[in-house]
Amino acid sequence: MKIGFSDSQKKFRNEIRGWLEKNVPKIPLNSFDTKEGFEEHRDWEKKLNSGNWSMVTWPEQYGGRGLNLIEWLIFEEEYYRAKAPARVNQNGVFLLGPTLMEYGSDKQKEKFLSAMATGEHIWSQGWSEPGAGSDMAAIRTTAFKKGDKYIINGQKTWSSRATFADWTFGLFRSDPESERHRGLSFILVPLDAEGVTVRPIPQLDGEPGFAEIYFDDVEVDVSNLLGGEGEGWSIAMATAGFERGLMLRSPARFQETASKLLSLYFKNKDNLSGSIESKVLQSWLRAEAYALNIYQTASKLMAGKKIGPESSLGKVFWSELDHQMHQTALDILGVSSELEEVVADDVASWIKGYMFSYSGPIYAGTNEIQKNIIAERLLGMPR
Amino acid sequence: MKIGFSDSQKKFRNEIRGWLEKNVPKIPLNSFDTKEGFEEHRDWEKKLNSGNWSMVTWPEQYGGRGLNLIEWLIFEEEYYRAKAPARVNQNGVFLLGPTLMEYGSDKQKEKFLSAMATGEHIWSQGWSEPGAGSDMAAIRTTAFKKGDKYIINGQKTWSSRATFADWTFGLFRSDPESERHRGLSFILVPLDAEGVTVRPIPQLDGEPGFAEIYFDDVEVDVSNLLGGEGEGWSIAMATAGFERGLMLRSPARFQETASKLLSLYFKNKDNLSGSIESKVLQSWLRAEAYALNIYQTASKLMAGKKIGPESSLGKVFWSELDHQMHQTALDILGVSSELEEVVADDVASWIKGYMFSYSGPIYAGTNEIQKNIIAERLLGMPR
Amino acid sequence: MNFTFSEDQEIFRDAFKKYLESNVTPEKIRSGWEDNMPFNQARWQELEELGILQSNLDEKYGGLGLDLVTTCLLVEEMGYYALPEPAAEQIFLSNLLINKSIDIAELIEEKNQFIGVTHSLSPNILFLDNSSKIINLEEDSISIVSSKDINGKKLKSSDPSRDLTNFISENSDSGSLKTLNDQKSLVNNVVTSGMVMSAAILVGLSRKILDLATAYTLDRKQFGKPVGSFQAVKHMLAQAAIEIEFSKATLYRAAYSLDNDNPLQKLHAAQAKLQAIDACEMASRNSMQAHGAMGYTWEMDLHIFIRRGWSYKQVWGNKSLLENYIMNQLEKDLPKLGSTYTFL
Amino acid sequence: MNFTFSEDQEIFRDAFKKYLESNVTPEKIRSGWEDNMPFNQARWQELEELGILQSNLDEKYGGLGLDLVTTCLLVEEMGYYALPEPAAEQIFLSNLLINKSIDIAELIEEKNQFIGVTHSLSPNILFLDNSSKIINLEEDSISIVSSKDINGKKLKSSDPSRDLTNFISENSDSGSLKTLNDQKSLVNNVVTSGMVMSAAILVGLSRKILDLATAYTLDRKQFGKPVGSFQAVKHMLAQAAIEIEFSKATLYRAAYSLDNDNPLQKLHAAQAKLQAIDACEMASRNSMQAHGAMGYTWEMDLHIFIRRGWSYKQVWGNKSLLENYIMNQLEKDLPKLGSTYTFL
């Protein structure tokens, strides 16, 4: 065990810190769930890419920096420290990108990877379907082959970013006779194709973080099939792996929130009660505990160990923490906490974050499902 | 709605207060789970009875005072305020007594009621059996009739007070062909009968709060059958009713604990953190909320309304509260909190209460079962 | 001692509930939001005609002179249906001021028009455009201002049913209509009343939020079974039911103490509000969870009620203020509180 | 950055675990209780022979000179098996004092004998009869007393594995063997070490308490199914597993910071202890609940471990002390803490 950063890691930290200090917009961008904000965030992706910072974990051969997990954590710490914009293309960079590298043809890599890195193609994901919920194998949207086309019919839902995105990827049933997770194919679909209708789903904050996508005899070229026909399920499982999940839930995010909460607490301390103090302290403790756990896990992964159902432990932990932190902040803000546009004390962003935090225990497998997994697969309890 | 006490209620309060001030032993009795303490508590029951205070809720015709629920709550408040001894014969006074009055023959009433009131007969309860747990209909201990005797064979467990008690009551399977809750009879058994073996079950505190009772061809006279043969289940259900449950879990008990906890907190306040403050405050709030709820419920019952599964709400509430209060007290006591015999700051009694509090969420139907009942029977969710 | 509601109280409550059931539907609330007019003047008129607005107003001012326990029940239902109009505020704040101060009563001619009340615990003016006057409470003084004379800036609340204005200044020409001094005790009384009012709204909201969840989980299926048949879902809603149950009697005692000028009324009010906050937080969190991703959408009605909870837990006493107040009182008066003093 | 254990660390830990598995069984612990002799001299001898007692002692004193991360792993296992002998104290308190102070080292001839350490955070003397000397830490002074020279009164702990004595006075004739002044920094170091030690024990205990519950719920049936197949039971144990998982890395960082004299070592230690307390409370409560009434009996082994948790959460820093310490540090140093300062 040797915990602490090497000289080269420190140097890397300084490099990204320097670049971000120069380049992060001084005025926060509009939310990427608005048309205007979406384009601002697309520009930011382009800017990141100009410094070769948009896909740092990609191998160098694909134009990335080939960062390992520890370097990625450092990158994230600096990214949040600099209050840099959220990543509008995370579906592409972290989920589809690595999948393409593993399963894509040379032609597909050429067509999609650099357009993804520059923000030219912003991707949405098309996993869920109405009625399927957390049960992803219940997919009913079909993509039947007809000549050199797939004809797609059906509906996807909870598709993040789909309102303004350019493309979506997901699983489609290509074998009409198949059931459950057999006979599914992984297909890339341009959202401007004829027959595609995107219906935004406004969230608690009024913005369409998700959308439904309707496919009505949508034709896509067979060259948009990723991997072999009927192999979609195993490709999708690889996409949902732990390392990529981690990249979407960096500990730095929660640590920054905890620090902000503590500042808010100390500023108002004289009027605050013991229950608030206690929750503020717990926020700090747990954000640190999460970060330390992730560093430990990253070290294990780098040492060649595998992480399986353990990732469920983290999902429950960070999602409850995130909700608790935001609720506590609003309790400190008191009568101001309902004022959606107030910039002082970051009220507006605490409210937005609070609304978003309600979704943490639900998305990517509800916490109830995660606890079942923990009990059954880690503790060996009966199904 | 008129909340507040009438003149006669106030007068009653003063009466019991006066009597208790004169008669409650200055030095706390030994635990009734020791031989010595058991006899001390038996004497206390006798003393209570001498002032006509041992069975205040019994009708006057049976030598009680016929207190209504509100008066009972006042009685309890004064009883806890005076730190009077715990009721060693609560199985008798609150559970069997009222059952006898309703279902017993004149002869049975004569034989048992006054011996119960004076503490001559201390009763244990014999509901549970090994393997039956919370599923009371799974009773297997048999009592088959042979002439004018029942021959009892089998085993009861978790029988409270049984280690030193004189009698037990419970359900026995009198019909060999029967299943579940049919064919059960309610029988009273002297624990000094031949063939009865009592094996104490030491608890966390090392004392035998419960015991197992083994019956090996135990003969009891048929006159010990309560109600008709095979009617045991419905009689037992009446015994387990809400009003009697309430008498075992008086809100005054929890309010006194909360007050004690607050005193302890204020005494040590300067060294204590926000989480402790918060828990202390919650204890107060919840003890009061429980008391107010019980007064409201008592008023409803007195107005002729029925209480059904609602009582499950209270069970979960008070048992969690009780554990929380004791744990918080120990956290305030810090390094002293492990010292089992220290009298200062009531350390010894906080420890004992803490150990006991672990059983609250388990006995009388686990809190998990209570929550099922709440969901299914109050909220109408599917089984 | 009779801690039950009278038949009259229940009849009045149930009649009002019936009115709300058909007149304050989620659709109607949403249409107020869409038109940017959450305050529906016609509905306000109806509330007046039903006697709700004047329910606790003294009879000498044309009111019904009802007690605050009865009106507390009405306000609980306003919470349950998320009534956007500030009828609760009219009853528990403005009517109380009118009833208790002849100086204020004299100034208010039209007692059926909404009169906003502000105080540091609820500083933003609610529905300025729909109110005739604003009563501003300071620590020990009270000033009454014509709503036309107020310069303010509209604020956006996370609850679109709340039309808020930041109080910037009074119009310098006209100034206050009147300022009353030495009003500490009356101000304190209004604050206590505000606590009870917001507690009642939170209890009503919590009940509704739980009802929405149980209904949803009966309907919605996952892995081939209704979501509500999973033990985890049952238990999260049972836990909310428990919190709600134990907030009720505390609330009614507080209303009773307020109505009877009990010396402990503020302590009782603070306890009621805190218990109601806990109930509403638990109900909101668990109900949202039981709804899964749907609960999080704008199209489900759940958020209409959850949003109001966010606001009402903060105004008229938030967690820190209530907790600090209670702890101070307990430290001062512990020997005279507790089991033998639950009711005075 | 490599936050994994070396192969050597794991081999040593696993070997020790094997020893504990067969030599510190619940039966053996109970027999120590029954004989009123929880400290088993033969086992202490074995711990010495295995090198455990001297694991972190400097090589110049005949120790193995191991780092505190490795010994932290050993202590975690001592918690897991509820080892009654104070080997953890010997390693994290007495050996640390010997290693860091030549004055103390000189006075202690037989470094394999137990040396008790007292301080206001752990004032009662552990195993006085089995110790050769007692080191008493004051705020900035340290005195060493021969254990024979101490007058004390036996205390009964709720954990029968803890033989405690109240320190009443030193025997007036002989007095201390030595008193060292200006020792504030060393005392502080021992306190930090005590926090890490007790955290490690709590983490080990928590793991064991959870293991007992999962085993029990697999075995035990209710309503015809294993108790462990009920979702409520699964979730209560899953919740405990989560708390335990997130106490581990915090603990190892604290041990590492202590070993490397990190300026933030006390903050890291306090965080580790607090997280471990939370884990142990959750594990104890939920495991007890999963056991049903059985868990509450003397005959089940569960309470052997739960009791130790009650004691170790209080000594060497309890909740209030730790929380207050952390909050003060955060208030002072917040800008230099947080995500970019997780590791110095």
Side-chain angles (χ1 to χ4, degrees), chain B residues 1-6 9 13 70 74 76-78 80-81 251-252 255-256 258-259 262-263 266 269 277-278 280-282 284-300 302-303 305 310 312-314 316-317 368 370-376 378-383, chain C residues 1-6 9 67 69-70 210-211 213-215 217-218 225-226 228-229 231 233-253 255-257 260 262 268 271-272 274-275 278 322-323 326-327 330-331 334-335 337-344:
Chain B
M1 178 171 300
K2 179 164 171 41
I3 57 181
F5 298 111
S6 67
Q9 286 166 338
R13 184 188 288 282
I70 299 293
I74 294 170
E76 282 286 282
E77 286 165 5
E78 293 303 321
Y80 278 95
R81 178 182 183 276
Q255 287 179 291
E256 280 300 316
S259 292
L262 272 152
S263 301
F266 289 127
K269 194 181 149 193
E277 180 194 325
S278 164
V280 165
L281 173 65
Q282 280 292 320
W284 177 267
L285 262 188
R286 293 172 94 77
E288 285 256 307
Y290 182 66
L292 291 163
N293 178 274
I294 292 294
Y295 267 98
Q296 197 186 22
T297 306
S299 295
K300 282 184 192 162
M302 285 172 61
K305 299 205 171 120
E310 290 87 349
S312 293
L313 298 160
V316 178
F317 196 79
E368 286 66 45
Q370 305 295 347
K371 286 184 204 169
N372 287 348
I373 294 173
I374 294 166
E376 292 163 11
L378 285 177
L379 306 181
M381 295 171 78
R383 277 190 160 269
Chain C
M1 170 69 62
N2 176 9
F3 205 150
T4 62
F5 302 113
S6 70
Q9 287 174 322
D67 64 289
V69 175
T70 309
L210 176 60
D211 285 353
T214 50
T217 58
L218 276 173
K225 293 200 287 182
S229 64
Q231 203 183 21
V233 176
K234 285 182 188 176
H235 284 200
M236 70 177 80
L237 298 187
Q239 200 65 54
I242 293 166
E243 288 299 314
I244 294 170
E245 173 69 11
F246 286 93
S247 66
K248 287 182 194 165
T250 310
L251 170 63
Y252 306 140
R253 178 184 62 169
Y256 189 87
S257 292
N260 289 275
N262 184 313
H268 294 169
Q271 291 185 207
L274 212 40
Q275 201 68 41
D278 287 347
L322 300 163
E323 291 182 351
I326 294 172
M327 280 311 262
L330 292 177
E331 187 160 18
L334 189 59
L337 298 167
S339 91
T340 59
Y341 297 91
T342 311
F343 306 100
L344 263 158

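Across every non-hydrogen atom of B:S259 and C:G338, the tightest pair is OG-CA, 4.2 Å. The two residues B:I374 and C:A241 come nearest to each other via the heavy atoms CG2-CB, 4.0 Å.
Among residues two or more places apart in sequence or in another chain, the side chain to side chain contact (heavy atoms under 4.5 Å, CB included) test is passed with B:A289 by B:F317, C:F246, C:T250, C:Q275.
Contacts between B:Q296 and chain C at a heavy-atom distance below 4.5 Å involve backbone atoms as well as side-chain atoms. Both the backbone and the side chain of B:L379 come within less than 4.5 Å of a heavy atom in chain C. Contact of C:S229 with chain B is made through backbone and side chain together, with heavy-atom distances under 4.5 Å. Of the two parts of B:E277, the backbone and the side chain both hold a non-hydrogen atom closer than 4.5 Å to a non-hydrogen atom of chain C. Heavy atoms closer than 4.5 Å to chain B are found in the side chain of C:Q231, but not in its backbone. If you measure heavy-atom distances from C:I242 to chain B, the contacts under 4.5 Å come from both the backbone and the side chain. Within the 4.5 angstrom heavy-atom criterion, only side-chain atoms of B:E376, from C-beta onward, approach chain C. Interface residue B:S263: backbone and side-chain heavy atoms are both found under 4.5 Å from chain C.
Within the model, atoms NZ of B:K371 and CD of C:Q239 stand 4.0 Å from one another, a figure rounded to the nearest 0.5 Å. Rounding to the nearest 0.5 Å gives a distance of 5.0 Å between CD of B:Q282 and CG of C:D278. Separation of atoms CD (B:E77) and OG1 (C:T342) is listed at 5.0 Å; rounding is to 0.5 Å. Remark: C:L337 CG to B:L262 CG distance equals 9.5 Å, nearest 0.5 Å. Rounding to the nearest 0.5 Å places OG1 of C:T340 at 11.0 Å from CD1 of B:I74. For the atom pair B:S6 OG and C:N2 CG, the distance stands at 11.5 Å (nearest 0.5 Å).
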Step by step, would you call C:E245 with B:E310 a side chain to side chain contact (heavy atoms under 4.5 Å, CB included)?
CA-CA 9 Å; C:E245 173 69 11; B:E310 290 87 349; 5.6 Å; no
I'd like to know whether B:L292 forms a side chain to side chain contact (heavy atoms under 4.5 Å, CB included) with C:F3, so could you lay out the CA-CA distance, the side-chain angles of the two residues, the decisive distance to 0.1 Å, and finally the verdict.
CA-CA 9 Å; B:L292 291 163; C:F3 205 150; 4.1 Å; yes
Working for side chain to side chain contact (heavy atoms under 4.5 Å, CB included), residues C:K248 and B:N293:
CA-CA 8 Å; C:K248 287 182 194 165; B:N293 178 274; over 6 Å; no
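The candidate from B:N372, B:V280, B:V316, B:I373 with the greatest count of non-hydrogen atom pairs under 4.5 Å with chain C is B:N372. Contact count against chain B (heavy-atom pairs under 4.5 Å) is highest for C:A249 among C:S6, C:A249, C:S257. In terms of heavy-atom pairs under 4.5 angstrom with chain B, the leader among C:Q9, C:H235, C:E323 is C:H235. Counting heavy-atom pairs under 4.5 Å between each of B:Q255, B:R383, B:K269 and chain C puts B:Q255 at the top. The residue among B:E256, B:E368, B:E78, B:K300 with the most heavy atom pairs within less than 4.5 Å of chain C is B:E368.
Residues B:W284 and C:L334 have side chains in contact (heavy-atom distance under 4.5 Å, counting atoms from C-beta outward). Between C:T4 and B:M1 there is no side-chain heavy-atom pair separated by less than 4.5 Å.
Applying the salt bridge (Lys or Arg N to Asp or Glu O under 4.0 Å) definition to pairs two or more places apart or across chains, those involving residues 285-297 of chain B are B:R286-C:E243, B:E288-C:R253.
Within the 3.5 Å criterion, the main-chain N or O of B:A252 finds no donor-acceptor partner in the side chain of C:S339. Side chain of C:K234 to main chain of B:P382: a donor-acceptor pair is present (N/O by atom type, distance under 3.5 Å, no hydrogens or angles). Side chain of C:Y256 to main chain of B:K2: no donor-acceptor pair is present (N/O by atom type, distance under 3.5 Å, no hydrogens or angles).
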